[in-house]
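Just so it is clear: chains get the letters A, B, ... in the order the sequence lines come, proteins before strands, and each one is counted from 1.
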Amino acid sequence: MTSKASSGCMILWHKLSEKRCPQQTKPPSIASRFYFVRTDNRSNKTSYVEDFPESEKQEPASYPSAQAREAAHEQNESTDVEQRLPHFRILWVAARKNIVIQVIYLELVLNANMPVHLVKEVNGVPEVQLPSYLEEVDFRTLQLGCDYTNKFIQGTVSLIYSLTQLGDGTAFLKIILQEKEKFHPEINTINILFFGNLAEQCAKIMHQGDTIVVTGFVLEETSSSSKHGKNCLQLKMSPNESTAYVYVKCDTVISEEPICLSVTPKYTYTPLNQLKHGSIVNVYGAVKFFKPPYRSRGTDYCSVVSIMDQSNAKLTCMLFSVNLDTLPVIYKIGDIVRFHRLKIQQYKNEIQGVTTVGFSSLTFEGTLGTPVIPRTSSKIYTFTTDDQKAVEALRIWAANHISSSGALVKLSDIKAVQYFDLTCELVGKAEVDGSSVLLKVWDGTKPPFPSWKVLFEDGSLEGDADRINQLQHLTVDILVYDNHVALAKSLEIGTFLRIYSLHTKIHPNSKKQSNIPHLEFHLHGGTCYGRGIKVLPENNCDVEELKRFLDSVDLAEYQQLENVCDLDYNISNSYSSQDFVSPCDLERCQQLSATVLTDHQYLETTPLSAILKRDAPQQYRIRAKLRNYEPQKLYQSVKLHCPKCHSLQEVPHESDLELLLQEAATEQSDPKLQNTSLYDSEVWTTQNQQERKIVIHFVKHDGILHAPEDTLIMIEGGILSEIYQLSKKFKGVIPVKSSQEDLIVLDLAVPFLIQGKTWHYGCKQCSKLKTMQNLNSLVKEASWTPVCIAQALGIVPLQYVFVMTFTLDDGTGTLKVYLMDCENFFQIPASEILNSDDLQKNMEMIMYMLCPPGKKIGEYPWLECFIKSYNVRNEVEQEICYRIFDTVVAEDLI
DNA sequence: TTAGGTTTGG
């Protein structure tokens, strides 16, 4: 028996015996051929059959059909045995009464050309010795031109690059091998290049940290020289000449599975809504929330992971491990995880999952369409086609049910006050004091405001000074505190990071000093909201994308775009800007207004005290500060305005719409009104909802139906969520009902048209409704704009407006002025803001800038406004009111 | 054992 043969055999043998009867029988000697394992389920005895018994062969009926064999084959095709030991193939499993026969083909194990071997290592002792003719050499003695056919080197895999293809299509894999310490105390590494199927197999099998032995390599000089100017050597491994031995630690592989009839245990997965307190289960889930692993106060690392599945149930899991590597490698919300042997327990009336003996996990990228490759430190794991399907199904579900908004924000998109996840490259690092570390990072985009520069002692900044200087306008300074400090200190310059729940806020003094707000970046202490840092591997798809983007950044372009006021952008990192802004610059900056007039610039500024003494109507140019504004809650400032009768009304609340639509859904659709020359109609009957009928009328264009995104639809019997879904797909949705002769608008209390995120309402008083056939006038041009549709249907559309009261103060007096604005003043459409988190954040930031909370009014920015006065008469008295016109918020504030 | 998702001091 050769060592090559026995390595594979031993693993198989142990897997079988561990599950059943450890000391019962010895494995037979193995030859390169079919190999039969017979298990008697009654006595739990496993035996090895030298050849298949003639008697058994003569009972074809008792053996699986060709189809069943294929199924068995497929089921086992990507088992752990095969993934880690590609030279095994379980061809089929036959079960008859209590006898189970497994047929395993061992061809590759004995194939002399087999380029990769797995060597099982129990408690650090390899179960199989290397061939005795092989002689170990250390890295330093390697010399060009020597024959290394019978020599080997051994080391630890410290880095594995992505598997790639060379120009001619040959697979190529590069790894860095670190020499065992026994030769030299200092770290000594060498690059190893694998080619062809050897590269492919190594990419599958090897993991960072593995001990490997390589033999039969060719030594060559690297094309580039090392950091120290010396030429370096690298090893080339080709499939026909070279062999790699990968040592697999099997100490932790203790199967706790119930006895099962095939080599690979068949795992069952419990849906998250069926978990029972006290059980130990296997589950799949999409990550809804996670805390990257951190050191607990106890002995272990901890990671909190909340997952959801198609049952819509959520399970929060407390995962502990002394070994950081065995916790799931989650990079973002939406990743898919598989947990084995998770214990379910109760805590505060809710169930939770906890790690238990033998817990293991696989993590998969959650993005649809990316390869299904498990992230795990586990050497041996099962992965079947069923698993593949489970991951793919969860990806689809998660794409529709798990929102990752807020995550993965670019620096250019950040708002004044925000928590977000940042993917970036580390370019500099400095210890600021005992409790915080400064990280200088960039993501290739320019933040809307300069980063506040953190002070640190000379000489404490780690990183390439030239590069830090070159990127100074694009890097941000992040202060990392408390429990994150240890990890931050260990980070290497040049690594790619994801920083979770990073906090930005405006530096309190920055505006006073330069009128340009500066952003502070903090990773506060604690682990709330998943706060933490994770190093992303080079082959992570987000990192690959970021690298491509960083490479494309034109640094020269950024350097020309610096603002005159932004003096501290150009000063040394080691000083605070306050020492450098001269009084003259400060004055110049403070004279700039946070708002801009779009007309009437010829007018001279009038003090508020003078305006207060005059009659209306008048027009004025003023210069004042925003002392206060109302309403403070943004959603309260958005109203619907009728341009005809000038009435103002509240935007209907979603719950009111829901009720109205539900009520309308009980009305019957008239079949006579379906399928006309204007539209084609489809009727659906819902299940479990008293068989509600939904009718959708697809409006045709030139007599034919077009793509959904170009098609207007009308809906009868739809509820809010359905209309919401349909509006994402179709050009526009009109809720309608059947009347005697034609379809008509459902009710002006609900939108007459839903287009994208905008819900269009009509004025009840001013509209004179016409029926849907009037849309015929628009069909030829397919002019499905809200204005055209409203006109055709006799509707006076309501405008979304911001209605606010500003209290302005210029030092001579205060004046309350109204702002009623669709989209000009803030440059944000009022019609879209209620459905857009981003726009709401923009608006918040603008208000924060115009009227900074916690500041003295002297520190507020100036606002140049154009206002007009007018008389308002009520029953008792006449009053002068003021409104802002022709004024917009300055672009650099948006 | 640890943590038990729910931000902000620097």
Side-chain angles (χ1 to χ4, degrees), chain A residues 272 275 277 285-308 313-324 326-328 330 332-333 335 337 342-357 359 402-404 406-407 409 414-422 430-439 451-456 477-485 488 499-510 518-533 576 841 844 848 852-854:
Chain A
L272 298 180
L275 299 171
H277 166 56
V287 175
K288 173 86 173 62
F289 167 84
F290 72 105
K291 290 185 175 186
Y294 59 94
R295 266 216 174 281
S296 74
R297 286 177 219 273
T299 54
D300 296 350
Y301 285 94
C302 174
S303 180
V304 178
V305 182
S306 290
I307 56 172
M308 293 185 79
K314 191 177 83 172
L315 178 73
T316 299
C317 304
M318 307 290 124
L319 309 178
F320 298 101
S321 172
V322 265
N323 183 359
L324 190 63
T326 62
L327 290 171
I330 299 166
K332 60 182 175 193
I333 307 288
D335 278 355
V337 290
L342 183 74
K343 189 172 151 195
I344 303 302
Q345 63 182 30
Q346 201 135 12
Y347 176 75
K348 286 188 178 168
N349 287 330
E350 284 204 355
I351 54 159
Q352 61 174 203
V354 205
T355 39
T356 182
V357 181
F359 170 84
I402 291 192
S403 147
S404 57
V409 170
I414 54 174
K415 306 293 179 291
V417 184
Q418 195 178 2
Y419 289 90
F420 66 106
D421 298 345
L422 178 68
E431 282 188 43
V432 179
D433 55 46
S435 69
S436 62
V437 168
L438 160 68
L439 300 180
S451 165
W452 185 256
K453 298 296 176 192
V454 173
L455 295 164
F456 48 83
D477 280 13
I478 298 174
L479 272 170
V480 173
Y481 300 98
D482 307 337
N483 53 319
H484 311 296
V485 163
I499 304 178
Y500 301 93
S501 203
L502 183 58
H503 181 203
T504 58
K505 59 177 184 177
I506 299 283
H507 188 280
N509 291 325
S510 59
H518 283 60
L519 287 171
E520 292 179 13
F521 294 81
H522 301 273
L523 184 71
H524 296 290
T527 62
C528 283
Y529 274 87
R531 243 185 250 145
I533 303 176
S576 144
K841 280 187 184 142
E844 268 170 30
Y848 187 93

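- Using a 4.0 Å cut-off, no side-chain N or O of A:K505 falls inside it from OP1 or OP2 of B:dG9.
- Contact annotation for A:D482: base contact, defined as any heavy-atom pair under 4.0 Å involving a base atom.
- Residue whose closest nucleotide on DNA chain B sits further toward the 5' end, between A:V304 and A:S296: A:S296.
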Would you give me the side-chain donor-acceptor pairs under 3.5 Å for residues 520-530 of chain A, sequence neighbours excluded?
| from | atom 1 | to | atom 2 | distance (Å) |
| --- | --- | --- | --- | --- |
| A:E520 | OE1 | A:H522 | NE2 | 2.6 |
| A:H522 | ND1 | A:Y481 | OH | 2.9 |
| A:H524 | NE2 | A:H503 | ND1 | 2.8 |
| A:T527 | OG1 | A:K291 | NZ | 2.8 |

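- Note on A:Y500: nothing from the nucleic acid sits closer than 4.0 angstrom, heavy atoms only.
- Closest to the side chain of A:D300, out of B:dT7, B:dG10, B:dT1, is B:dT1.
- For B:dG5, its base sits under 3.5 Å from the side chain of A:K314 at one donor and acceptor pair at least.
- Nearest to the side-chain atoms of A:H524 among the listed nucleotides B:dT7, B:dA3, B:dT8 stands B:dT8.
- Along DNA chain B, the nucleotide nearest to A:F320 and the one nearest to A:R531 differ in position, and the one closer to the 5' end is contacted by A:F320.
- Closest of all the heavy-atom pairs between A:T299 and A:V322 is O-CG1, 3.9 Å.
- Dense packing is recorded around CD of A:Q346, with more than 12 heavy atoms of other residues, nucleotides or ligands lying under 6.0 Å away.
- Note: CG (A:L315) to C1' (B:dG4) measures 12 Å, nearest angstrom.
- Contacts of A:Q345 with the nucleic acid, taken as non-hydrogen atoms under 4.0 Å apart, include base atoms.
- Nearest nucleotide to the A:Y294 side chain, out of B:dA3, B:dG10, B:dG5: B:dA3.
- A straight line from NE2 of A:H507 to P of B:dT8 spans 19 Å, rounded to a whole angstrom.
- At a cut-off of 3.5 angstrom, the base of B:dT8 holds no donor-acceptor pair with the side chain of A:H522.
- In terms of heavy-atom proximity, A:S436 sits nearest to A:L479 at OG-CD2, 4.0 Å.
- One atom, CD of A:Q418, and another, C1' of B:dT7, lie 13 Å apart when rounded to the nearest Å.
- At the heavy-atom level, A:G526 lies nowhere under 4.0 Å from the strands shown.
- The side chain of A:Y419 approaches B:dT7 more closely than any other nucleotide in the set B:dT7, B:dA3, B:dG5.
- With rounding to whole Å, A:Y347 atom OH is found 8 Å from B:dG4 atom P.
- As judged by a 4.0 angstrom heavy-atom cut-off over every strand, A:S501 is placed among the base-contacting residues.
- At a cut-off of 3.5 angstrom, the base of B:dG4 holds no donor-acceptor pair with the side chain of A:T316.
- Considering only the side chain of A:Y481, B:dG10 comes nearest among B:dG5, B:dG4, B:dG10.
- With sequence neighbours left out, the side chain to side chain contact (heavy atoms under 4.5 Å, CB included) criterion links A:P293 to A:S303, A:L324, A:L327, A:K534.
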Under the side chain to side chain donor-acceptor pair (under 3.5 Å) rule, what do A:D433 and A:S435 come out as? Steps first, then yes or no, please. CA-CA 6 Å; A:D433 55 46; A:S435 69; 3.2 Å; yes
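- Atom CD1 in A:I307 sits about 14 Å away from atom C1' in B:dG5, given to the nearest Å.
- Between the CZ atom of A:R295 and the C1' atom of B:dA3 there is a distance of 15 Å, rounded to whole Å.
- When heavy atoms are screened at a 4.0 angstrom cut-off, A:R297 is found touching the sugar-phosphate backbone but no base atom.
- Going from atom CZ of A:F521 over to atom C1' of B:dT7 covers 16 Å, rounded to whole Å.
- Spacing of C1' atoms, B:dT8 relative to B:dG4, comes out at 22 Å, to the nearest Å.
- Counting non-hydrogen atoms under 4.0 angstrom, A:K348 reaches nothing in the nucleic acid.
- Distance A:I402 CD1 to B:dG5 C1': 14 Å, rounded to the nearest Å.
- Side-chain nitrogen and oxygen atoms of A:Y529 include at least one within less than 4.0 Å of the OP1 or OP2 phosphate oxygen of B:dT7.
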I'd like to know whether A:L502 forms a side chain to side chain contact (heavy atoms under 4.5 Å, CB included) with A:I478, so could you lay out the CA-CA distance, the side-chain angles of the two residues, the decisive distance to 0.1 Å, and finally the verdict. CA-CA 9 Å; A:L502 183 58; A:I478 298 174; 3.6 Å; yes
